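Taking it in order: structure first as structure tokens, then the write-up.
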Amino acid sequence: MAMKQAATAAIRAFSSSVTSQSSPLVRHLHASAGSKKIVGVFYKANEYAAMNPNFVGCVEGSLGIREWLESQGHQYIVTDDKEGLNCELEKHIPDLHVLITTPFHPAYVTAERIKKAKNLELLLTAGIGSDHVDLNAAAAAGLTVAEVTGSNVVSVAEDELMRILILVRNFLPGHHQVIKGEWNVAGIAHRAYDLEGKTIGTVGAGRIGKLLLQRLKPFNCNLLYHDRLKIGPELEKQIGAKFEEDMDAMLPKCDVLVINTPLTDKTRGLFNKERIAKCKKGVLIVNNARGAIMDTEAVVDACNSGHIGGYSGDVWNPQPAPKDHPWRYMPNQAMTPHISGTTIDAQLRYAAGVKDMLDRYFKGQDFPAQNYIVKEGQLAPQYR
């Protein structure tokens, strides 16, 4: 009961927050009159759906907005079936008005799908990161693309810190020994280190990157960051992080490298064979940003050679990752499915954010400015 009350409070608090942060309400999206067809694409929870009443980010939970939408006369269809010409999503493309997607089970909104979607007005991401949408095609079609900015940044930053520690302490081999009934301390200790005194660099210091740096400060690390914008001087001093204008010059300094930049045309394949070679030998890499920022085969080769001493993350290219994806089988990896930003707490926040934007859409009101990824034909600065 206490958990449910806390969850309700979290939704109310987040709804209040996004409302207070919004720009003045102006009409930016003229929703046509009458019932709207809204389609949501989420991952299926199956037997896990009933285990937590706050598990709203799955098909079964449907973001907790079904009753609200249907009480207003709208049609709400939710599915996990998103691939191929005969999938459930494809059947609804021609006449849907709103499509809600998620980075954790991405429905790829291609230029071809956008062209077929004659009634489509709004694309919402339940979470953050809208690179599964062809943003240029969406802009050209006059669509609005928005996400719930800030909804899961704490979740992802905490997960990154966990992965850093897992790699630095060589945790997984020890865990595997326990499962196998083995006991070989040397097999773990020969490459286990303290985090204190190590140099940690983040490529990208936006909302998640800044939170990670703040959480790393108590570990007494040397903190570096590269970004197109510097952190404010007061916060930079408080964290004790040093700005590195030249990313390539930062790479050989880092014992641990964390990827915190969005996937754009500029960052796709950013870490190819040549750039990975600039990293310190044995570097540990954490990537919860997007899988396509890395050259898949270059990462595999560097893990096999030992140039990358360990690689961990929850993002793949494509997603879901096929069973034969080479990152599943490379040495010294600590990969998981895309889970860092879909904790129960994060789900409640991004569900509240989606509901808030839908309500504004129905009323012809503006969204919080930071939520826009495409508005009136223009991409947000981080995607340009």
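Since we're looking at a predicted model, the values are computed, not measured.
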From Asn371 atom CG to Asp356 atom CG, the distance as rounded to the nearest 0.5 Å: 8.0 Å
Pairwise distance CG(Leu99) to CG(Leu120) - rounded to 0.5 angstrom: 6.5 Å
Side-chain ion pair, Arg349 and Asp345, N-O less than 4.0 Å: no
cation_pi(Arg328, Trp316) dist<6.0 Å, angle<=45: yes
Closest non-hydrogen atom pair, Ile259 against Ile285: CG1-CG2, 4.4 Å
Side-chain donor or acceptor of Gln347 paired with backbone N/O of Gly57 under 3.5 Å: yes
Electrostatic pair Arg215:Glu160 at N-O distance under 4.0 angstrom: no
Residues in side-chain hydrogen bond (donor to acceptor under 3.5 Å, both in side chains) contact with Thr261, at least two apart in sequence or another chain: none
Partner of Asp314 under side chain to side chain contact (heavy atoms under 4.5 Å, CB included), chosen from Thr342, Val156, Asn287, Thr336: Thr336
Partner residues of Asn317 under the side-chain hydrogen bond (donor to acceptor under 3.5 Å, both in side chains) criterion, sequence neighbours left out: none
Geometric class of the Phe104/Tyr350 ring pair [parallel <30°, tilted 30-60°, perpendicular >60°]: parallel
For the student: nearest non-hydrogen atoms of Asp227 and Ala205, plus distance: OD2-N, 2.6 Å
Gap between atom OG1 of Thr202 and atom NZ of Lys210 - 0.5 Å precision: 10.5 Å
Cationic N near anionic O, under 4.0 Å, Glu70 to Arg66: yes
Aromatic ring pairing Phe243/Tyr225, orientation class (parallel under 30°, perpendicular over 60°, tilted between): tilted
Euclidean distance, Lys44 NZ relative to Asp80 CG, rounded to 0.5 Å: 5.0 Å
Exercise: identify the closest heavy-atom pair between His105 and Phe42: CD2-O, 3.4 Å
Atom of Tyr361, atom of Phe367 and distance for their closest heavy-atom approach: N-CE2, 3.9 Å
Closest non-hydrogen atom pair between Arg113 and Gly84, with its separation: NH2-O, 4.3 Å
Asp95/Lys118 ion pair, N-O < 4.0 Å: no
Backbone N/O of Gly64 and side chain of Ser62: donor-acceptor pair under 3.5 Å: no
Atom pair NZ (Lys180) and NE2 (His175), whose distance is rounded to the nearest 0.5 Å: 11.0 Å
salt_bridge(Asp366, Lys375) N-O dist < 4.0 Å: yes
Taking every non-hydrogen atom, the tightest pair across Thr125 and Val354: O-CG2, 4.5 Å
Check ion pair Lys82-Glu88 (N to O, under 4.0 angstrom): no
Side-chain donor-acceptor contact under 3.5 Å, His338 with Gln319: yes
Salt bridge Asp301-Lys273, side-chain N to carboxylate O under 4.0 Å: no
Ile293 side, atom CD1; Arg275 side, atom CZ - distance, nearest 0.5 Å: 12.0 Å
Cationic N near anionic O, under 4.0 Å, Lys355 to Asp359: no
